[in-house]
Amino acid sequence: MKEVESDHDPEGVPTAGFSKCWYGTYGEGRQPFELFLPTSIIATVEEEVQRREAQVRERHRAAAIAERLREAEERKASSARAKEMDESPSEVDGAAFIAAFDRLPSDYDPARMHRVLCGPELRGAASRARAMRDGDFKKHDADVLQRMTKSGAFRKVANPGFDPEQWARDLAFLMDAHPQMREVTQFVASRVTLSLHSQGPLMVPPMHLFGPPGVGKTHYAKDLAQALGAPIRIQSMENAQSTALWHGTERHWSTASHGIVFEQIVLGDVANPIFLVDEIDKAPQEARYNPLAGFHSLLEPATACAVRDAGLDIIFDASLAIYIATSNEPRKLPESLRSRFREFAIQPPHGEQALRAAHVVATAAALKVSVPNFAPPEPALSRMLAHLSAREIYQVVQDGVARAVQGGRLRLILSDLPAEVVGDDDEMSPMLH
């Protein structure tokens, strides 16, 4: 075979006017090879690469500008819709409004945001409001529709797992302050962990806490809500009148209004608020005015995702709402309702648990008064309150802090507490004065 002349010197170095280009491997086991091209061609290629990169940068810049303009137009359109709502709710219709209302936010994250309402439902509510003759109802509906339009279709999802350090501190507090609720706390904590691993929204099944009065069920629910970062709506069932409490009142009644679930979720800021259904065993259960009749559907995820509020005749998603029911006599509840709850039997803490819980609650009670530099209650004083419920400890300690401050002190002493609460304990008294 004839040898081809090369532009290389004997050492393999290319002569002037040529440049080396390396081509990488494109398969397992292949070796890279080099190609020598005239430098003029290399320069031309580099210029072309730079030109194309500049074009890409320009396209990205133009796209960013277009996105900002689109967002500005959306804000302008939203403001215009809100203004129109003040004048006439009938303007809230049309494909453009629905598309804008239902559009996913630019920072949408399914673990942190949840759709609770859709554009067609809002448009339908506006159309019905347009047809109303009653001026008061029309104005009321216009106000509610305006709030819904401004709030949009999505609500944030409360989840303490987004702040692991704070959640760890809150868990420790719940365990110490409510040792009788340890099983409940662990159950909720497992759901928080599950939501983080699934990268979905926090979902806590309905819970039923039953036990004798004074074991801290209501107080625990408040502390749990604070730990979860969710708003809580406390609804005593002892005086509840009808199912309209949950789903609103039908429009043909003169007292028509929306229900508490719609109020907390659609008119609120959080998709998973907590509903504390207190003393659920005391709810009247007459067939006609049974306030628990419409409660069943809220506890089932399959039906809770499409809840109808009678006040506005509108459907919304309440599937993330958290329900905590409390009772003293669970046998009074119908089995159809109990089967929808995760049930926990609660008994008062005893022994060392009670002493530790009393100290944690007393310390938290003194801290919540927010008196600068006020010393936490001494353990010896706190243990004298261990026979009280958490609610009673809060009341006694906060009243005691007020007496201490009035006396010019920044710490509690025995005389700051009611004598009927602490009794006559000569052994403890010298330690507390």
Side-chain angles (χ1 to χ4, degrees), residues 160 165-182 184-185 188 209 211-234 236 274 276 278-279 324 326 346-425 427-429 431-433:
E165 293 183 359
Q166 182 61 49
W167 175 228
R169 290 192 293 268
D170 289 339
L171 270 181
F173 172 80
L174 289 173
M175 291 292 191
D176 287 340
H178 305 279
Q180 75 278 28
M181 302 288 183
R182 180 176 294 271
V184 185
T185 301
V188 175
L209 316 181
V215 295
K217 300 184 291 291
T218 302
H219 189 73
Y220 172 78
K222 293 178 181 179
D223 283 348
L224 177 63
Q226 184 171 347
L228 293 179
I232 184 170
R233 170 66 182 257
I234 302 175
S236 175
I274 295 177
L276 175 57
D278 212 14
E279 300 183 309
I324 304 176
T326 69
I346 311 300
Q347 296 298 326
H350 296 287
E352 187 61 33
Q353 279 190 345
L355 297 176
R356 173 62 181 165
H359 182 58
V360 172
V361 173
T363 302
L367 182 64
K368 280 197 174 182
V369 179
S370 300
V371 176
N373 301 319
F374 197 92
E378 296 178 8
L381 184 149
S382 299
R383 67 184 299 169
M384 301 178 72
L385 306 176
H387 63 287
L388 302 177
S389 68
R391 184 191 304 112
E392 292 169 334
I393 293 176
Y394 258 86
Q395 294 170 350
V396 168
V397 170
Q398 291 185 346
D399 289 345
V401 171
R403 294 189 189 96
V405 173
Q406 190 177 28
R409 285 175 282 100
L410 291 177
R411 67 184 185 90
L412 283 174
I413 62 175
L414 185 62
S415 59
D416 292 326
L417 306 179
E420 64 273 15
V421 171
V422 297
D424 184 12
D425 195 329
E427 182 182 352
M428 291 295 176
S429 297
M431 301 172 59
L432 301 172
H433 283 83

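- Checked by atom type and distance alone, the side chain of D399 never pairs as donor or acceptor with a backbone atom of V396 at under 3.5 Å.
- Residue L410 comes nearest to P372 through the heavy atom pair CD2-O, 4.0 Å, listed as atom of the first residue, atom of the second, then distance.
- Summarising the local packing, CZ of R409 is surrounded by more than 12 heavy atoms from other residues, nucleotides or ligands at distances under 6.0 Å.
- Between L388 and V361, the closest side-chain pair of non-hydrogen atoms is not below 4.5 Å.
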**Prompt:** When you look at T218 and R391, which way does the side chain to side chain contact (heavy atoms under 4.5 Å, CB included) test go after all the steps?
**Reply:** CA-CA 9 Å; T218 302; R391 184 191 304 112; 4.0 Å; yes
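- At least one side-chain heavy atom of I234 sits under 4.5 Å from a side-chain heavy atom of K222.
- Side-chain contact between L385 and L417: present, with at least one pair of heavy atoms (C-beta onward) separated by less than 4.5 Å.
- In this structure, H387 contributes its side chain and V421 its backbone to a donor-acceptor pair below 3.5 Å.
- Between A358 and S382, the shortest heavy-atom distance links the atoms CB-O, 3.5 Å.
- Taking the side chain as every heavy atom from C-beta outward, W167 and L228 approach each other to under 4.5 Å.
- Here the closest non-hydrogen pair linking I346 and P212 is O-CD, 3.5 Å.
- The neighbour count for Q353 CD, taken as heavy atoms of other residues, nucleotides or ligands under 6.0 Å away, is above 12.
- A side-chain contact (heavy atoms from CB on, under 4.5 Å) with P349 is found for one member of R356, Q180, R182 and no other, namely Q180.
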**Message:** The test is side chain to side chain contact (heavy atoms under 4.5 Å, CB included); show your working for V369 and F374 and say whether it passes.
**Reply:** CA-CA 9 Å; V369 179; F374 197 92; over 6 Å; no
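- You'll find the side chain of Y220 stays beyond 4.5 Å of the side chain of V215, heavy atoms only.
- Put simply, the side chain of R411 never gets that close to the backbone of A375: no donor and acceptor are under 3.5 Å apart.
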